[in-house]
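Note sheet for the following structure.
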Amino acid sequence: MVYRAHILISGDAACIAKGARDVEAALWEAVQELNLKDEVQILEVSSLGHSDQGPEIVIYPDGTDYVNLTPEDAKFIIEEHLLKGRPVERLTYREPPSLPLPPPSEKEVRVVLENVGKIDPENIEDYIAMDGYMALGKVLGEMTPEEVIEELKISGLRGRGGAGFPTWLKWTLARNAPGDMKYVICNGDEGDPGAFMNRSVLEGDPHSVIEGMAIAAYAIGASQGYFYVRAEYPIAIQTLRAAIKQARDYGLLGEHIFGADFSFDLEVRMGAGAFVCGEETALMQSIEGARGMPRTRPPYPATAGLWGNPTNINNVETYANVPKIIHKGGSWFASMGTDKSKGTKTFAIAGKVERTGLIEVPLGMTIREIVYDVGGGVLGGKKFKAVQTGGPMGGCIPEQYLDLPVDYEHLKEVGSMMGSGGFVVMDEDTCMVDIARFFMEFTQDESCGKCVPCRVGTRRMLEILNRICAGEGRPGDIETLEELAVYIRDGSLCGLGQGAPNPVLSTLQYFRDEYEAHIYDKTCPAKVCKGLIEYKINPEACIGCTRCARNCPVNAIEGKPKQTHVIDADICIRCGVCKQVCPVDAVYVE
Amino acid sequence: MSEIHLTINGKPVVAQSGQTILEAAKQADIDIPVLCHHPALANWGACRMCLVEVKGMRGLQTSCTCPATEGMEVETETEKVVAVRKFVLELLFSERNHYCMYCQMSGDCELQDLAYRYGLDHWTYPRPFEKMEVDASRKYFIMDPNRCILCSRCIRACSEIAANHTLGLRDRGARTMVVADLDVPFGESTCVECGTCLQVCPTGALIDAKSAYGGREKDVIHTQTTCMQCSVGCDLDVVTRYQRLLRVDGVWESEPSGGLLCVDGRFKPLYEKRQRVTGPLVRKDGKLVAAGWNEALGIVAEKLQSGSCQGLAYCATTDEALTAFARLFAKVDGAAGRIEPQVAPLGFGQVAKVQDVLDADVIIVTGAQPLEYQRVIGYFIHRAADQGAQVAVITDDENGLSARAAMTLTSAEAGKAVETAAGAGKVVVVYGTEIKPEVIAALKPLGDEAYILALDPARNAQGATAAGLQPQEPSDVDVLYFLLGEQSEDAALLAKVNGAFKIVQAAYHSPLVDQADVVLPTPIWVERTGHVTNLDGSAKPLHAALLMPENVRDEAEALAALADMIG
């Protein structure tokens, strides 16, 4: 039989999860109904290329690509496109911007991200064309390890994983540590919620990190390196593996690289889903095959790291900076940034900001510049309330510090930290107690359970925060939180526990009144905490359209058509659906 | 090692480089509290009890892990340190069920002691703990996670000392639990019941089923003696109260096992079910009836002089008894020998100590099943393998060690083990009675550099050898004298026993005892004094932890009395 048209429907997992099967059924039904079954063939195929926007179909012979379909759309398309011959414009696929990264805003300076989105990460020649492996060649041909370290010292590069330890010093310690076998490790266990700086580099420019590690290996005298990448980054792992293979094929990894007396090879190890494995000693335990739990320091990894051998461990971004520093000189790098914090830093801007995503700016740029100039301002023109930096162990910085330069020292001064580059903007609708509770929930869940203050202490703090947010706060809770926070900070084994109380401490420092409002006035000023808010319907505004009542998942809304509706607060679960669906904004929160 | 000087609480302390602050403090009699630390285990640094302040170092340091360095100034009881310790204890008491009055370890609990030391007189934090199921699937001990503080001592003991790796942690954060294998009941796990975890548990989470509520530390008596369950001869710490045997512990830092015991040494003797011979018995009118020592010994002395006689001993008694036994039969011109087979020397190599297994680079096991019969040696081989030793098992049958050995070879392939050993450093050959002549020949090139550890199946084989007792079969004599001690005869021996007049010296009733014409009682391991010689030739002392029953006499003494009677 010869068909007039073919409809291909994507049957990949993502599309099916989003309802492709229902769409397919609707297509069949419509074809039957409109008597087109002898003219139109429907075929389920593999991915049609835009599974993120599934369900997706393509209609041939014209090749029209429809995405984000519902069963209703399917029927409509059959009618319009195949019966009436009019393609449905509003449902057709539109090309997104072709670069994975939008072009940098004027204030951005891209060093680490320079090649990301510009080169093919799976093709080493692209990287080489961008002066890739020039630095390694220079190091192996012209420089002693001491000179490499000296160049890093001039650059002022500090650890981009968060603590900001001077990289040259770390390398010197590993170099000077006695031992025949030494290792370099790249920490790619990027686990902060919403952070994807390292992933972008690993997926977009893997060779810059490989080159940085090779240079580090030369500087400290290592011959073996490990990439530790979280298993949640399958594409990064795949890209890295391909890149390592290509580097080996090109003689840039392996024996006698560039004919020099230097051999170095790399292996990729995957994490198993524990946030704490981003902590360097836990990470090494994990590479060794043990349960990922931090161990006490000293001894530091520089003297007794992987399998007890001297080990240098840096973050992805730190290594990615190294080839640039060697290539362009330490003083070029040092010309960016502030007195003590040199160079640039990538941030993942998220939250209530117009342009979320990945940015790279010189250190020392103010929060205001980042939020308003780079990020395009607070979403919907709302009022800026705070920015949370440093990930789950960071802190919230309030409006009064909008002009604070973002660098290691200043962030620490105001009770937060650089971390690996999380930058969550919060507006006036954000409840700071709820934010503290959110981060505490994260850290207590991710505590490895080894040391008592972190394992038990964070749980006790979370219980109190949960109570406060549920409207069951008691006098004395703030003081107990403060006491717990200080002891957990002082008593915990690793950075996770020591930093876990930070979100609470910093919000208590700047937003204590919100805690007090929750506890003493039983109100949530930002109208977020479910235990403290009530959804109500303004009788003057309600038009009795019944939409809220129909959408309420627990039938908490009563009212007849054309009459004022009322929410029963005892039944209401504060999901907020009624507010979302009300066409006249009659639902409000009290 | 060089000497270093530091001050702790203002007191000058001399320590060795490489020592931790905790070790340095201990030497100077400065008490730093610990919970997760245990001297027999690797340092852990988790409980935060041993935190100290060190001048010039950022934050508080765990003294159990922080190396002592020259010129260090340490403070162990500052306000800050004490506050954090108290905080940690308060948290621990809020985590799980620590209602001391219901716990059998109350009074002997390290957590409770510290709570008293730091004045915890009330609960500071709420205690929302959930009830967790108690695991009583093991016969000899119980695990109660409700009392666990997750110090992981048991896990480290299981991995580092027993090298069995049964225990581990499940989940993380507040949901963390100690589990056996992949979270199966203890009784279904790979646990070998060595009981080391019990001995290191600081609270009542892992408890011995037998001694629970049997008496607190202040009530009990500790007696150090030697295990007589196999030829390894581990040191035992026997815990008794009011002449009741409560528990057996290992002795840290002792030779040969360093505190490690096995199920046979630690638990099984406490569950002895055989009926004890409590006094001399003589056969009258076809029945065994109780008799006095003088009467019984008189009959024996007379019989031994009246016809041909042979003495056969299980190597299950003391050096002294075996020597007296040999001497007695020399006096009456009777043959005397041992019942168990003997391990023949290999003819090359040097005699190994048990501890040599631990630092071996290559271990060759053949003709022996140490995991079955000399378990501690088996665990030591596992431990050495964990440390990187190559284990080669040469066997034509199954051997439990194969699972973790680098290679399992047939007798014909024995040469490969020698190839592996070539230039590999320290080589230890562990062998037993089943060793094959061709394997001996194949191993010969190892030469005298190799360390040889013979696993004699008999408990006090070396004592018997020293007394000149060689393996013998029962022969056609008028009088057969069996020195059984605690060993009940096996069926093979029983079948060979003829119609001779039978004298049996034994601790427990058995078919042979019941056939005997005269029965003399012996003490059991826990009642013995004297010595045994273990498989590496060390003479190990025995100390009685319990009194013998009234009518029981030590074998050596009884045998000496017999010799005297014979004149």
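For the options B:L150, B:D171, B:V88, heavy-atom pairs under 4.5 Å to chain A are most numerous at B:L150. Heavy-atom pairs under 4.5 Å with chain A were tallied for B:C36, B:A83, B:C47, B:G59; the largest tally goes to B:A83. Of the listed residues B:V81, B:L92, B:L51, B:N43, the one with more heavy-atom pairs under 4.5 angstrom with chain A than any other is B:L92.
Residue B:M49: no heavy atom, backbone or side chain, is found under 4.5 Å from chain A. If you measure heavy-atom distances from A:R295 to chain B, you find no contacts under 4.5 Å at all. Looking at B:S152, neither its backbone nor its side chain comes within 4.5 Å of chain A, counting heavy atoms on both sides. Looking at B:I149, the atoms closer than 4.5 Å to chain A (heavy atoms on both sides) all sit in the backbone: N, CA, C or O. Using a 4.5 Å cut-off between heavy atoms, B:E90 makes no contact with chain A at all.
Taking both residues in full, the closest heavy atoms of B:L169 and A:M293 are given as CD1-CE, 3.7 Å, listed atom of the first, atom of the second, then distance. Nearest heavy atom pair, residue A:V456 against residue B:L91, reads CG1-O, 3.5 Å. B:R48 and A:G491 get closest at one heavy-atom pair: NE-O, 2.6 Å.
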Passes side chain to side chain contact (heavy atoms under 4.5 Å, CB included), A:S447 versus B:R172? Steps please. CA-CA 6 Å; A:S447 164; B:R172 60 176 182 241; over 6 Å; no
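Atoms CZ and CG, on B:F87 and A:L484 in that order, are 5.0 Å from each other to the nearest 0.5 Å. A distance of 10.0 Å separates NZ of B:K80 from OH of A:Y487, quoted to the nearest 0.5 Å. To the nearest 0.5 Å, atoms CZ (B:R175) and CD (A:Q444) are separated by 7.0 Å.
Contacts between residues 110-129 of chain B and chain A, counted as heavy-atom pairs separated by less than 4.5 Å, involve B:Y125, B:P126, B:P128. Proximity to chain A at a heavy-atom threshold of 4.5 Å picks out B:T65, B:C66, B:P67 from residues 65-74 of chain B, in numerical order. Residues from residues 156-167 of chain B never place a non-hydrogen atom less than 4.5 Å from a non-hydrogen atom of chain A.
Around atom CE of B:M132, more than 12 heavy atoms belonging to other residues, nucleotides or ligands sit under 6.0 Å away. More than 12 heavy atoms of other residues, nucleotides or ligands shown are found within 6.0 angstrom of CD on A:E479. Other residues, nucleotides and ligands contribute over 12 non-hydrogen atoms within 6.0 Å of the NZ atom of B:K426. Atom CD of A:E483 sits in a crowded spot, with more than 12 heavy atoms from other residues, nucleotides or ligands closer than 6.0 Å. More than 12 heavy atoms of other residues, nucleotides or ligands shown are found within 6.0 angstrom of NZ on A:K522.
Checking B:T176 against A:R455 by side-chain atom types alone, no donor-acceptor pair falls below 3.5 Å.
Taking B:K86 as the reference, nothing meets the salt bridge (charged side-chain N to carboxylate O under 4.0 Å, His left out) condition, with sequence neighbours excluded.
With A:K450 contributing its side chain and B:G45 its backbone, the two residues share no donor-acceptor pair below 3.5 Å.
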